[in-house]
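Quick notes on the structure that follows.
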2 protein chains.
Amino acid sequence: MLAKSSTELVRQQNSALVLSVLRREGRLSHTQISEATGLSSATISAITADLERSAIIEKSEQQAPTGRGRPRVLFSQRRDCGYLITVIISSDSIQYSLVDYAGTLLDRFTETRPEGSREAFVAAISAGLDRTVQRADIGRNQVLLVSLSSKGLVSPSEPVLVWSPMLGSEAVDFRVALGENWGDKVVLNNETLLVAKALQQRQARGAQPGASLAAISLGHSIGLGIARTLPEKDAEISAPNFGHMLHIPGGALCRCGARGCIEAYAGFYAVLRSAFEVRADTVPAKIVPLAEVDKIAALARQGQRMAVLAFRQAGVALGNGISRLLSLYDHMSIFITGPGIRYYDLLQAGVEEGLAQTHVVRLSGMPRLEVVVDEAALVFEGHVGLAFSLIDRDIIALRTPLQAAGE
Amino acid sequence: MLAKSSTELVRQQNSALVLSVLRREGRLSHTQISEATGLSSATISAITADLERSAIIEKSEQQAPTGRGRPRVLFSQRRDCGYLITVIISSDSIQYSLVDYAGTLLDRFTETRPEGSREAFVAAISAGLDRTVQRADIGRNQVLLVSLSSKGLVSPSEPVLVWSPMLGSEAVDFRVALGENWGDKVVLNNETLLVAKALQQRQARGAQPGASLAAISLGHSIGLGIARTLPEKDAEISAPNFGHMLHIPGGALCRCGARGCIEAYAGFYAVLRSAFEVRADTVPAKIVPLAEVDKIAALARQGQRMAVLAFRQAGVALGNGISRLLSLYDHMSIFITGPGIRYYDLLQAGVEEGLAQTHVVRLSGMPRLEVVVDEAALVFEGHVGLAFSLIDRDIIALRTPLQAAGE
DNA sequence: CGCTTTTTTCTCGACAGTCGAGAAAATAGA
DNA sequence: TCTATTTTCTCGACTGTCGAGAAAAAAGCG
């Protein structure tokens with residue numbers, strides 16, 4: 001169903017556009033904004049005056065002048081317009097970062113994740129958020145958004161963790177869990193979705209046409225994020241349940257309780273299980289020390305048969321999974337990340353084997369496969385990118401009625 | 001990347017909205033349009049006057065008055081504004097339909113599809129299109145769009161048939177194949193995509209929130225169409241390569257040449273092959289007479305073991321495939337259609353078995369599975385719905401410059 | 001038959017937004 | 001100090017939406 005439009009929406013859209021180029025390029029002058037957006041100079045005047053009056057952007061103190069002529073005045077977001085907190089949840093720790101409205105990191109600290117109950121976990125996050133604002137001495141109401149990320153399955157619309165490696169299907173609704181203090185400004189995304197978002201952002205900055213891409217994170221569990229660039233629209237980002245997609249019907253037992261998931265062949269515990277020839281229906285450990293996997297990798301590199309086979313099997317599971325992904329979406333580039341990339345030399349042959357036989361690959365060729373190292377940086381980049389696009393949209397939509405009364 | 005907006009775009013969007021409401025509801029009065037769109041009466045006046053001047057809509061002769069008060073004047077699309085030709089390509093025949101701009105079917109005829117070469121096939125379609133306009137005695141330039149559909153894999157952006165059951169990977173680019181006469185106004189969609197579109201339309205008319213859905217067509221090959229309803233946007237429709245998604249690595253030979261495709265287990269020829277215990281690497285026939293499959297179904301209903309097993313195996317392949325679909329997209333309703341539904345009693349247990357074990361189903365429950373009978377009607381409905389949304393958008397975008405000069 | 005009531009359509013002025021052109025501002029160099 | 005140059009700002013024209021009320025057209029009523 002189409003929606004109606006109006007002149008006010010035009011202004012909203014164009015204001016959002018101005019903020020987004022300011023976000024992407026840093027501080028820009030009047031004319032630069034005009035060029036970057038395609039809007040006329042007069043319109044930029046009106047919009048920047050508007051945003052300045054609302055205390056969203058400000059004129060920077062002028063730079064060293066670039067030549068003759070009237071010097072440029074540069075606009076940038078006001079740092080104190082508000083703050084963003086990102087929370088990166090992993091199996092053993094929780095990292096909090098405070099970011100100002102201009103996008104610069106102000107503070108960061110990491111706490112160990114409490115073991116066991118969901119309640120303790122939620123309480124820890126609530127306390128961590130309080131600590132973040134205390135350390136920076138800002139008010140809670142100055143925090144515009146709290147952006148959480150975790151591995152596992154996340155509801156696409158609500159901040160609900162539907163399934164996670166540590167808590168299983170014990171779902172967490174962060175909106176209710178974080179209560180009045182934080183619940184109303186919390187968003188949650190899958191970790192690998194953020195990686196995909198960050199990669200897509202980097203690609204877009206490169207001014208290429210920017211094709212669709214998928215990020216796959218290898219670790220104790222297997223994550224997937226997809227960024228699809230649709231014509232004329234913003235990229236669409238999603239994180240489907242790749243790790244627990246069916247690989248082999250009735251196959252190896254997964255820690256999710258089902259059988260034959262990709263993770264039950266390609267997760268770290270799966271590699272251990274098959275390298276040691278443990279029966280495939282053994283209940284797997286939640287966490288496997290990385291050192292254990294390293295040992296098997298060392299054996300594999302020396303040619304030990306079962307170790308080689310374990311990694312190869314993992315690779316084939318991934319390759320088949322990617323092939324199914326390509327069948328159900330369009331063709332896209334695949335970026336591989338996560339701690340597991342240190343074993344990629346052992347996985348690669350399997351991945352390619354798992355891809356090669358299938359119809360989609362025979363038809364459109366092997367996808368571009370690329371290993372990307374700095375997963376942590378990408379996750380944070382994705383957090384910031386996604387969060388500020390939400391914040392900017394909100395701030396503009398809310399500004400109008402409030403400000404109109406004030407003027 | 002966001003796009004800039006302008007007042008002219010506002011008018012375009014609102015004009016498109018008016019046309020789409022008119023398309024959905026039939027003839028409507030001024031006030032009815034205003035209610036349905038949410039636009040003010042004054043705006044409707046301006047837009048309808050505009051569209052009337054451009055000969056896109058017209059005032060109908062007034063109806064029996066509904067009561068006291070000034071009688072309503074009803075607007076509707078002008079039938080003679082232009083025409084749509086839909087072409088439904090199947091393995092043995094090609095059906096042509098001529099539709100006027102108001103959406104009513106004017107003419108329909110079916111020709112047998114020439115066997116063999118791509119050239120003969122393309123020539124037949126070109127001739128069929130010419131025949132369509134000749135029979136109705138209209139000019140070629142009055143045809144606004146030619147909407148083709150076929151089974152197989154279609155490029156999402158271009159009118160290119162990338163892979164089809166009859167021609168294999170011998171691709172057909174209809175834009176160049178139909179040349180100057182038709183090439184510039186041709187679109188091509190997968191047949192089952194159109195079924196999904198039609199189902200989504202029917203759902204939207206029911207005024208429900210309208211969740212995402214997938215249509216699966218069972219026949220010689222297996223088709224899939226997905227209609228995803230995104231918040232605040234138009235539904236997104238796609239037709240991924242479901243039939244040739246990997247089911248069993250290194251499994252049965254598919255007629256596409258790869259191994260282990262879903263179709264190689266669930267297509268008609270696959271059922272025959274396993275019922276007769278032919279080796280799974282036998283090159284399958286392109287077309288299997290439906291009567292042959294009927295015979296096996298009859299045996300299966302009498303309890304003959306291999307026949308039962310053949311259908312069950314097909315069901316499991318479908319169930320596993322659907323499970324993977326649900327893993328890689330959100331949860332959605334599944335509608336099953338196509339000639340194969342007459343065997344659904346034999347498939348159902350396998351489908352449910354193939355779904356039940358997997359993580360996604362354990363987490364969010366069995367999807368809604370529904371059998372839908374009139375595939376042919378749905379395909380045509382989808383053709384018309386999709387084509388007119390394109391036509392209306394085009395007509396509005398093109399109108400402005402031409403008409404502005406005339407006035 | 002003329003007047004009133006009712007319903008719908010049409011018109012007018014107010015307001016919001018974008019754009020192009022040109023005025024105004026501010027600096028470097030002559 | 002004056003001029004060239006570059007950037008920012010301002011003004012009027014244009015397009016669009018909206019609310020209110022005028023105008024139109026039919027039915028009901030005395």
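None of the values given here were measured: they were computed from a predicted structure. Proteins get letters first, then strands, A, B, ... in listed order; numbering begins at 1 in each.
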Write down the distance between [atom1] ([X]) and [atom2] ([N]), rounded to a whole number of angstrom.
X      : N      : atom1 : atom2 : answer
A:Q12  : C:dT18 : CD    : P     : 12 Å
B:D50  : C:dC10 : CG    : P     : 14 Å
B:L9   : C:dG17 : CG    : C1'   : 13 Å
A:Q13  : D:dG16 : CD    : P     : 17 Å
B:E8   : D:dG16 : CD    : P     : 6 Å
B:I396 : D:dG16 : CD1   : P     : 13 Å
A:I33  : C:dT18 : CD1   : P     : 14 Å

When you get a sec, tell me which of D:dC18, C:dA21, D:dG16 is the closest nucleotide to the side chain of A:K4?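 Selected nucleotide (nearest to the side chain): D:dC18.
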Residue B:I47, side-chain heavy atoms: nucleotide from D:dT17, C:dC19, D:dC18 that is nearest: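 From the listed options, D:dT17 comes nearest.
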Contact class for B:L39 (heavy atom, under 4.0 Å): base, sugar-phosphate, or nothing?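 If one applies the 4.0 Å heavy-atom cut-off, B:L39 turns out to touch the sugar-phosphate alone, with no base involved.
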With side-chain contact (heavy atoms from CB on, under 4.5 Å) as the test, would you mind laying out the steps for A:I56 and A:L19 before giving the verdict? CA-CA 9 Å; A:I56 296 170; A:L19 277 190; 4.2 Å; yes
Without hydrogens or angle criteria, can the side chains of B:T104 and B:R79 be said to hold a donor-acceptor pair below 3.5 Å?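 The criterion, which ignores hydrogens and geometry beyond distance, is satisfied for B:R79 and B:T104.
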A:H383 and A:S149 side chains, donor-acceptor separation under 3.5 Å: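 Their side chains do contain a donor-acceptor pair, which is all the 3.5 Å distance test asks for.
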Is the NZ or CZ atom of A:R140 both under 6.0 Å from the centre of the six-membered ring of A:Y83 and within 45° of that ring's axis?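 Pair A:R140/A:Y83 does not count as cation-pi.
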To the nearest 0.5 Å, how far apart are CZ in B:R72 and CD in B:Q32?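 Separation between the atoms: 4.5 Å.
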Can you tell me how far CG of B:L386 sits from CG of B:N189, rounded to the nearest 0.5 angstrom?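 Rounded to the nearest 0.5 Å, the CG-CG separation comes out at 5.0 Å.
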Is the distance from OP1 or OP2 of D:dG19 to the nearest side-chain N or O of B:S40 less than 4.0 Å?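 Indeed not, no polar side-chain atom of B:S40 lies that close.
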Compare side-chain N and O positions of A:N14 against OP1 and OP2 of C:dT18 and report whether any pair is under 4.0 Å apart.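 So the side chain of A:N14 is within the cut-off, an N or O lying under 4.0 Å from OP1 or OP2 of C:dT18.
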Base-contact (B) and sugar-phosphate-only (S) positions in nucleotides 1-8 of chain D, heavy-atom cut-off under 4.0 Å, - elsewhere: ---BBBBB
Starting from the 5' end of DNA chain D, give me the residue, A:T7 or A:A46, whose nearest nucleotide shows up first.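 Checking each residue's closest nucleotide, the 5'-ward one belongs to A:A46.
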For residues B:G385 and B:K197, report the shortest heavy-atom separation together with the two atoms involved.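 Heavy atoms of B:G385 and B:K197 come nearest at C-CE, 4.1 Å.
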